[in-house]
Amino acid sequence: MEDNDRLYRQLQQHLDHGPAGFPSTRSGADIRLLKHLLTPEEARIAAQLSTMQAESVNRILKRVRKSGLPVSAGELQQILDRMVRKGTILAFTKGNNIRLYKNVGVSAGGMIDFQVNRLTRDFVNDLDKYHEETFSQSQKPKSRPVPQLRTIPVAKSVPLPAKLVSTYDDVRMLVAKAPGPFSVANCICRQMKDMQNQGCKYSALRETCLQIGPDHARQYVEMGIGRPVTRQEVFNILDQAEEAGFILQPENSKSPQNICCCCGDCCGPLLAAKKSPHPAKLYASNYYVAVNSALCIACGVCLNRCQMDARLFADGKAKVDLDRCIGCGNCVTTCRSGASTLQQKDQTFIPFKDKNATFQEIMTRKIGRWGMLKLRLRMFLGLKV
């Protein structure tokens, strides 16, 4: 048992050095999560996979054998493909059907998301404990991290004249210009809340996790946790999400591989952000809501519509707490008097080119430019990173 614990600790430390990070916890919730997800053999192998680049079986094999696991190339590939189906690593196909493998993070956008439709109560309880402990760690003073997700406004909230929204902040344009294919999966956050008898109060809609592109959409379908959908079906899902008041959160890139339709009572990142006195600082968003008090009829709809507790009443009129407003625009679409409008921030945030660029920036802030130079050298030499 002690040897197994050491394997999982080595994996936790390796994943924590990656872009997404995976900090340890005092309660051991981090190790318990890894034990839910991987067998000791799989943990040993995952600890030899790169967190930054996908690699061939032969390159990985050298490190796995050096770690003390005597497997053939064929046996290793079978184990790696099994781990892909379990949602604990990623696989990509290159050239003549050459399979490449890499690690994926654990929390948002990683192994946890890939456990949709196969959750257990023990896993959910350990995940809640992990989030509780790591959120308190994230509040320690440090430079502002690079968000992996960003917030974009729902379409109907954008001012009609000239539609000044940039293409990367227009969810329909993002989908329209994406090459596809597309897939959709159940929301892992709402599934967890359903298991805890805390069902979403906003909607019964569950298929709200959208995947875009050959790598991401195909991965979900291969794992058996997503189903292929057409571009028009994606638009229909977005319409339903907007009607429900969900917050649109694509990846922090101009060409996102996933779009989450989130709510403030189920979504893990949103729930964590709501505990902060300044949620707006934690999100990449180009918009905020302003209120014309002269037009406000004090109907109170905006208070129920807002999921970040950013709307309030003062002197009989609706107001906005800009420290909490993340610019989703949901309160604007249901403002009966037109008093609430979406405004563009003076300083525009431009998302990164793609997911790789996002992770590169995360790592640069994490280890510095000199550290990145050494990391790229290790990648070039085929060493584990």
Side-chain angles (χ1 to χ4, degrees), residues 4-5 7-25 28-55 60 79-92 100-135 148-149 183 185-192 195 209 211 215-226 251 257-258 260 267-269 272 355 358-359 362 384-385:
N4 286 346
D5 284 350
L7 285 175
Y8 288 109
R9 179 58 67 198
Q10 289 171 350
L11 176 58
Q12 175 270 317
Q13 292 170 347
H14 175 51
L15 294 174
D16 194 36
H17 287 136
F22 185 54
S24 62
T25 62
D30 54 324
I31 300 302
R32 292 196 299 275
L33 285 175
L34 291 177
K35 288 181 176 181
H36 284 300
L37 294 163
L38 303 110
T39 66
E41 179 185 57
E42 291 166 349
R44 182 188 292 273
I45 291 172
Q48 302 307 317
L49 267 61
S50 172
T51 61
M52 289 291 292
Q53 67 175 350
E55 300 174 294
I60 298 167
I79 298 170
L80 290 170
D81 285 336
R82 183 182 72 212
M83 293 169 70
V84 170
R85 290 191 295 272
K86 290 175 64 176
T88 54
I89 63 171
L90 294 175
F92 305 89
L100 304 177
Y101 304 88
K102 71 183 291 285
N103 267 318
V104 62
V106 178
S107 50
M111 297 185 203
I112 290 170
D113 285 4
F114 296 146
Q115 302 316 302
V116 66
N117 301 340
R118 44 197 181 196
L119 292 168
T120 65
R121 187 170 292 276
D122 286 343
F123 178 84
V124 172
N125 291 339
D126 283 331
L127 183 58
D128 278 349
K129 181 64 177 173
Y130 178 79
H131 281 156
E132 177 187 326
E133 292 186 76
T134 54
F135 175 76
Q148 290 189 55
L149 298 176
S183 66
N186 286 319
C187 172
I188 186 76
C189 297
R190 293 190 187 95
Q191 277 198 348
M192 288 192 285
M195 288 188 70
C209 187
Q211 298 83 45
D215 289 332
H216 214 52
R218 193 169 295 140
Q219 185 99 29
Y220 266 73
V221 174
E222 180 182 339
M223 289 179 188
I225 58 175
E251 273 179 352
Q257 294 182 350
N258 71 279
C260 295
C267 172
K355 191 171 198 169
T358 305
F359 280 168
I362 291 173
K384 183 181 68 173
V385 293

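Worth knowing before you read on, the calculation uses all heavy atoms, side chains too, and leaves out hydrogens, waters and symmetry mates.
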Seminar exercise, completed: The residue among Met111, Glu41, Glu42 that forms side chain to side chain contact (heavy atoms under 4.5 Å, CB included) with Met83 is Glu42
Of all the heavy-atom pairs spanning [X] and [Y], show the shortest one and how long it is.
{"X": "Gly226", "Y": "Ala185", "result": "CA-CB, 4.2 Å"}
{"X": "Lys102", "Y": "Thr51", "result": "NZ-O, 3.5 Å"}
{"X": "Ile60", "Y": "Leu49", "result": "CG2-CD1, 3.7 Å"}
{"X": "Thr88", "Y": "Val104", "result": "O-CG1, 3.5 Å"}
{"X": "Pro40", "Y": "Asn4", "result": "CB-OD1, 3.6 Å"}
{"X": "Gly87", "Y": "Met223", "result": "CA-CE, 3.7 Å"}

For this session: Start with the C-alpha distance between Asp81 and Tyr101, add both sets of side-chain angles, then the distance that settles side-chain contact (heavy atoms from CB on, under 4.5 Å), and finish with yes or no.
Result: CA-CA 9 Å; Asp81 285 336; Tyr101 304 88; 2.6 Å; yes
Determine whether a donor-acceptor pair (N or O, by modelled atom type, separation under 3.5 Å) exists between the side chain of [X] and the backbone of [Y].
{"X": "Arg118", "Y": "Lys86", "value": "yes"}
{"X": "Lys384", "Y": "Ala47", "value": "yes"}
{"X": "Asn103", "Y": "Ala46", "value": "yes"}
{"X": "Arg121", "Y": "Met195", "value": "yes"}
{"X": "Gln211", "Y": "His216", "value": "no"}

To the nearest 0.5 Å, what is the distance between [atom1] on [X] and [atom2] on [Y]?
{"X": "Ile89", "Y": "Leu38", "atom1": "CD1", "atom2": "CG", "result": "9.0 Å"}
{"X": "Leu33", "Y": "Gln115", "atom1": "CG", "atom2": "CD", "result": "10.0 Å"}
{"X": "Ser24", "Y": "Asp16", "atom1": "OG", "atom2": "CG", "result": "7.0 Å"}
{"X": "Leu119", "Y": "Met192", "atom1": "CG", "atom2": "CE", "result": "6.5 Å"}
{"X": "Leu34", "Y": "Leu11", "atom1": "CG", "atom2": "CG", "result": "5.0 Å"}
{"X": "Arg85", "Y": "Leu80", "atom1": "CZ", "atom2": "CG", "result": "10.5 Å"}

Is there a side-chain contact between [X] and [Y] in this structure, where contact means two heavy atoms from C-beta onward sitting under 4.5 Å apart?
{"X": "Leu90", "Y": "Phe114", "answer": "yes"}
{"X": "Pro23", "Y": "Glu133", "answer": "no"}
{"X": "Asn258", "Y": "Asp113", "answer": "no"}
{"X": "Thr134", "Y": "Phe22", "answer": "no"}
{"X": "Thr358", "Y": "Ile362", "answer": "yes"}

Problem set entry | Worked check of side-chain contact (heavy atoms from CB on, under 4.5 Å) between His36 and Asp126 | CA-CA 9 Å; His36 284 300; Asp126 283 331; 2.8 Å; yes
Exercise. Using a distance-only test with no angle check, is there a side-chain donor-acceptor pair under 3.5 angstrom linking Asp30 and Thr25?
Worked result: yes
For this session: Please lay out, stage by stage, how Gln12 and Tyr8 fare under the test side-chain contact (heavy atoms from CB on, under 4.5 Å).
Result: CA-CA 6 Å; Gln12 175 270 317; Tyr8 288 109; over 6 Å; no
Problem set entry | Arg44 vs Gln48, side-chain contact (heavy atoms from CB on, under 4.5 Å): CA-CA, chis, key distance, verdict | CA-CA 7 Å; Arg44 182 188 292 273; Gln48 302 307 317; 5.6 Å; no
